[in-house]
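Every chain is numbered from 1 and lettered A, B, ... according to where its sequence line falls, protein lines coming before strand lines. Keep in mind that this is a model prediction, so the values were computed, not measured.
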Amino acid sequence: MSLLVLCEHDRGVLAGASLEALTFGRDLAAAAGLACEAVVIGEGAETAAADLGAYGAATVHVASHAVLRDFGPLAWGETLAQIIRSTGAEAALACGTDRGNEVLAHVAALLDEPFVANCRQITPGGTWSMTRMQWGGSLLEDATLEAGIRLVTVAHHAVEATPADTPDAGTLVPFAADLADSAACTVVADRVVLTQGITLATSPVVVGGGRGVGSAEKFAALEELAAELGGVVGCSRAVTNNGWRPHSDQVGQTGTRIAPQIYIASGISGAIQHWVGAMASKNILAINTDSEANMVTKAGYAVIADLHEVIPAITEEIRRRRG
Amino acid sequence: MRILVCVKRVPAPGSRINITSDGQAVDAAHLGFTTSPHEECAVEEAVRIVEEHGGEVTVLTLGPAAAEEQLRYAASVGAHHFVLIPITDVDWDPQRTAAALGSAIAGLEATDGPFDLILFGNESADSGGFQVGVRVAHALGRPIVNGIKGIDLADGTASARREIDGGFEVYEVPMPAVLGVKEGINLPRYPTMKGRLASKKAEVATVTSDAPAGGQARVRLHRPVEQVSETVILGTGPEAASAVVDLLEELGVLS
Ligand SMILES: Cc1cc2nc3c(=O)[nH]c(=O)nc-3n(C[C@H](O)[C@H](O)[C@H](O)COP(=O)(O)OP(=O)(O)OC[C@H]3O[C@@H](n4cnc5c(N)ncnc54)[C@H](O)[C@@H]3O)c2cc1C
Ligand SMILES: Nc1ncnc2c1ncn2[C@@H]1O[C@H](COP(=O)(O)O)[C@@H](O)[C@H]1O
């Protein structure tokens, strides 16, 4: 009996998140008395499969079909459901990425089984018990799962990817998927590549502004400071809702999760949905007129003052020191 | 163009989420409620599509009787028809929710004809099961793609864009189709005074459901353990700039 771990890849490049899923999956499989097997789907799958044995996969099912030329949620879900049926697997797991959650939802719909998304911890048994994320991680839910086949995702970043103590064989086993042409209708048809620079998600410095900034124009001072620090500007949902900044600048549960060396959060109250996107920052400096604001009490550093005075003063001080 | 949007009523907590003493729900005694953000954008997108192509927007929710508030909000920003599946429990599990929504949609389609497009949020803001839309699409036998941040309709095809690292993936989905959208696809409008007045008169139809519970059951909600940090106050005015720049130097971000 086995637990299958879906390993995502993008045209042959394995997603780091897949190794998290495999790390989590091999421990779960051991606790449940199941064999840990990996699944890779579509064009480029064999390339992506190379390291999976080192992370604890005894077997790697490599699925192919003409329809699987690129990612497609239905085609991937249908393929994984077929591998579950043909191997008699007891459970399937993926990482809780956009793709992982989406594919497992398809598998669940196809097999008419429950699916539990974004688990942080799972205790197997007759009935499985798990702790899963709600509100993007601001709240946790203990839940139970009764199912014929257990379908779960592990929350992204819940575990760190680590190779197994004793590598497993990672033997590649081909699987010929049986897909109707109609499954192709949700396969990626095209890609638009945008110019790449530092992004909000990867920038080492983020200068954030909230409602306290007051207008779109007044973000100019934040832009200047961010430019001086080689960083980017971020914002709260109050700002995007006012149309002051594009949604691509929004930090939080329904925006981007940031992890900079320092997040300078100015005029932001620090609502829980904003905090969940900012909390992975290594350091936080809150600039707020209200010393009781959640952002201030949770930050490592704070300046209790008007951001319109403080931000230009910081920029000026940096320029002064640089001479 | 007939479009249906599924929205969920969720509480809007501020700095902290409190939980009821039985651990079953967010304590909303002192909270307002809102439409889950991705779905607020789904309603806006549907209204924009019918403004451009003609047609009508139906909004469906499963929730407490008070969820009528979210349906009326949708009316105030331009939606036309409203359906509530009332429940008395705190929250239904995803399988049960999907079964109820799926059969309600099938019922609406049996009387008024199929929807060309059904929009969901990518995930509900509170429980975040990441699956209700996918389950409903399968029950209706229609294609679905999630994570959508752009939609163009032409010649019976929905061209849908999904954000990935460094760009977009494009899907060409034949209609009738189902899409799960994300906040950022548009900037939802605020209701006008006229819209607010009209929303008071909107009729809300009710459909009941006897869908059985699914295999995922809630035991209790709890807050994650937080690291408490002592906040170092660097100053109370612009003169703090010097201490701030010292810190930036120390962190090595000034190079
Ligand atoms: C389901 C859901 C999802 C959400 N997702 C997100 C999300 O992804 N991201 C997000 O940000 N929010 C999100 N929100 C909204 C969130 O709850 C808050 O409403 C929002 O973050 C508030 O933005 P803000 O801090 O800019 O505004 P406010 O809460 O109004 O705070 C403004 C702050 O600025 C300070 N201030 C005012 N003037 C000055 C000045 N001159 N100098 C210094 N400080 C000043 C004030 O003291 C205050 O602390 C979500 C909400 C819900 C319900
Ligand atoms: N109670 C509900 N009423 C109406 N639509 C819902 C409900 N729950 C979930 N949905 C829809 O399904 C999507 C996915 O929800 P979930 O699977 O809970 O993440 C949401 O974004 C909504 O569009």
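A distance of 3.5 Å separates CG of A/Asp142 from NE2 of B/His222, quoted to the nearest 0.5 Å. Rounded to the nearest 0.5 angstrom, A/Leu145 CG and B/Asp93 CG are separated by 11.0 Å. Atoms CG and CG, on B/Leu251 and A/Leu229 in that order, are 10.5 Å from each other to the nearest 0.5 Å. Atom CG of A/Asn283 and atom CG of B/Leu247 lie 6.5 Å apart (nearest 0.5 Å).
Contact annotation for B/Val244: only side-chain heavy atoms (C-beta onward) come within less than 4.5 Å of a heavy atom of chain A. Looking at B/Gln24, neither its backbone nor its side chain comes within 4.5 Å of chain A, counting heavy atoms on both sides. Neither the backbone nor the side chain of B/Asn186 comes within contact range of chain A, judged by heavy atoms closer than 4.5 Å. Heavy-atom distances place both the backbone and the side chain of B/Ala125 under 4.5 Å from chain A. Of the two parts of B/Val136, neither the backbone nor the side chain holds a non-hydrogen atom closer than 4.5 Å to a non-hydrogen atom of chain A. Residue A/Asn101 touches chain B through both its backbone and its side chain, counting heavy-atom pairs closer than 4.5 Å. Contacts of A/Leu74 with chain B are made by side-chain atoms alone, with heavy-atom separations under 4.5 Å and no backbone atom involved. Both the backbone and the side chain of A/Ala108 come within contact range of chain B, judged by heavy atoms closer than 4.5 Å. Both the backbone and the side chain of B/Glu183 come within less than 4.5 Å of a heavy atom of chain A.
Of the listed residues (B/Ser242, B/Pro94, B/Gly180), the one with the most heavy-atom contacts under 4.5 Å to chain A is B/Ser242. Residue with the most contacts toward chain A among B/Gly252, B/Gly129, B/Pro224, B/Gly167: B/Pro224 (heavy-atom pairs, distance under 4.5 Å). By number of non-hydrogen pairs under 4.5 angstrom with chain A, the leading residue of B/Gly237, B/Gly133, B/Ser124, B/Ala240 is B/Gly237. The most heavy-atom pairs under 4.5 Å with chain A, out of B/Ala243, B/Pro188, B/Ala217, come from B/Ala217. Note: A/Glu113 leads A/Glu113, A/Met133, A/Gln250 in heavy-atom pairs under 4.5 Å with chain B. For the options B/Gly128, B/Ser229, B/Gly235, heavy-atom pairs under 4.5 Å to chain A are most numerous at B/Gly235. Here B/Val245 is the residue among B/Val132, B/Val245, B/Ile185 with the most heavy-atom pairs under 4.5 Å with chain A.
Two residues are said to be in side-chain contact when any heavy atoms from C-beta on lie closer than 4.5 Å; A/Arg191 and B/Val170 fail this criterion. Using a 4.5 Å cut-off on side-chain heavy atoms (C-beta onward), B/Ile17 and A/Gln134 make no contact. A/His247 is not listed as a side-chain neighbour of B/Leu187, based on a closest heavy-atom distance of 4.5 Å or more. Between A/Thr186 and B/Ile144 the shortest side-chain heavy-atom distance does not fall below 4.5 Å. The shortest side-chain heavy-atom distance between A/Glu316 and B/Pro238 does not fall under the 4.5 Å cut-off. B/Arg218 is not listed as a side-chain neighbour of A/Thr144, based on a closest heavy-atom distance of 4.5 Å or more. In this structure, A/Asp98 and B/Lys182 have side chains that are in contact, with non-hydrogen atoms separated by less than 4.5 Å. The shortest side-chain heavy-atom distance between A/Trp135 and B/Pro13 falls under the 4.5 Å cut-off.
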*Audit row: A/Lys298, B/Glu226, side chain to side chain contact (heavy atoms under 4.5 Å, CB included) steps and yes/no*: CA-CA 10 Å; A/Lys298 282 189 168 165; B/Glu226 286 177 37; 3.3 Å; yes

*Derivation and outcome, side chain to side chain contact (heavy atoms under 4.5 Å, CB included), residues A/Ile314 and B/Leu248*: CA-CA 10 Å; A/Ile314 299 171; B/Leu248 297 174; 4.3 Å; yes

*Apply side chain to side chain contact (heavy atoms under 4.5 Å, CB included) to A/Tyr301 and B/Ile233, showing your working.*
CA-CA 6 Å; A/Tyr301 305 92; B/Ile233 306 292; over 6 Å; no

*Step by step, would you call B/Glu40 with A/Arg237 a salt bridge (charged side-chain N to carboxylate O under 4.0 Å, His left out)?*
CA-CA 13 Å; B/Glu40 193 184 338; A/Arg237 184 161 178 254; 3.6 Å; yes

_B/Val228 vs A/Thr297, test: side chain to side chain contact (heavy atoms under 4.5 Å, CB included). Steps then yes/no._
CA-CA 9 Å; B/Val228 265; A/Thr297 55; over 6 Å; no

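Surrounding CG of A/Asp112 are at most 12 heavy atoms belonging to other residues, nucleotides or ligands under 6.0 Å away. Around atom CG of B/Asp210, no more than 12 heavy atoms belonging to other residues, nucleotides or ligands sit under 6.0 Å away.
Between the side chain of B/Arg162 and the backbone N or O of A/Val188, no donor-acceptor pair lies under 3.5 Å. Side-chain N or O atoms of B/Arg16 include none that pairs as donor or acceptor with a backbone N or O of A/Ala271 at under 3.5 Å. Listed for the B/Thr231 side chain is a donor-acceptor partner under 3.5 Å among the backbone atoms of A/Ala299. In this structure, the side chain of A/Glu141 does not engage the main chain of B/Arg220 through any donor-acceptor pair within 3.5 Å.
No hydrogens or angles considered: nothing links the side chains of A/Glu146 and B/Gln216 as a donor-acceptor pair under 3.5 Å.
What you find for A/Phe115 and B/Phe130 is that their closest heavy atoms are CE2-O, 3.9 Å. The heavy-atom pair separating A/Arg99 from B/Glu169 by the smallest distance is NH2-OE2, 2.6 Å.
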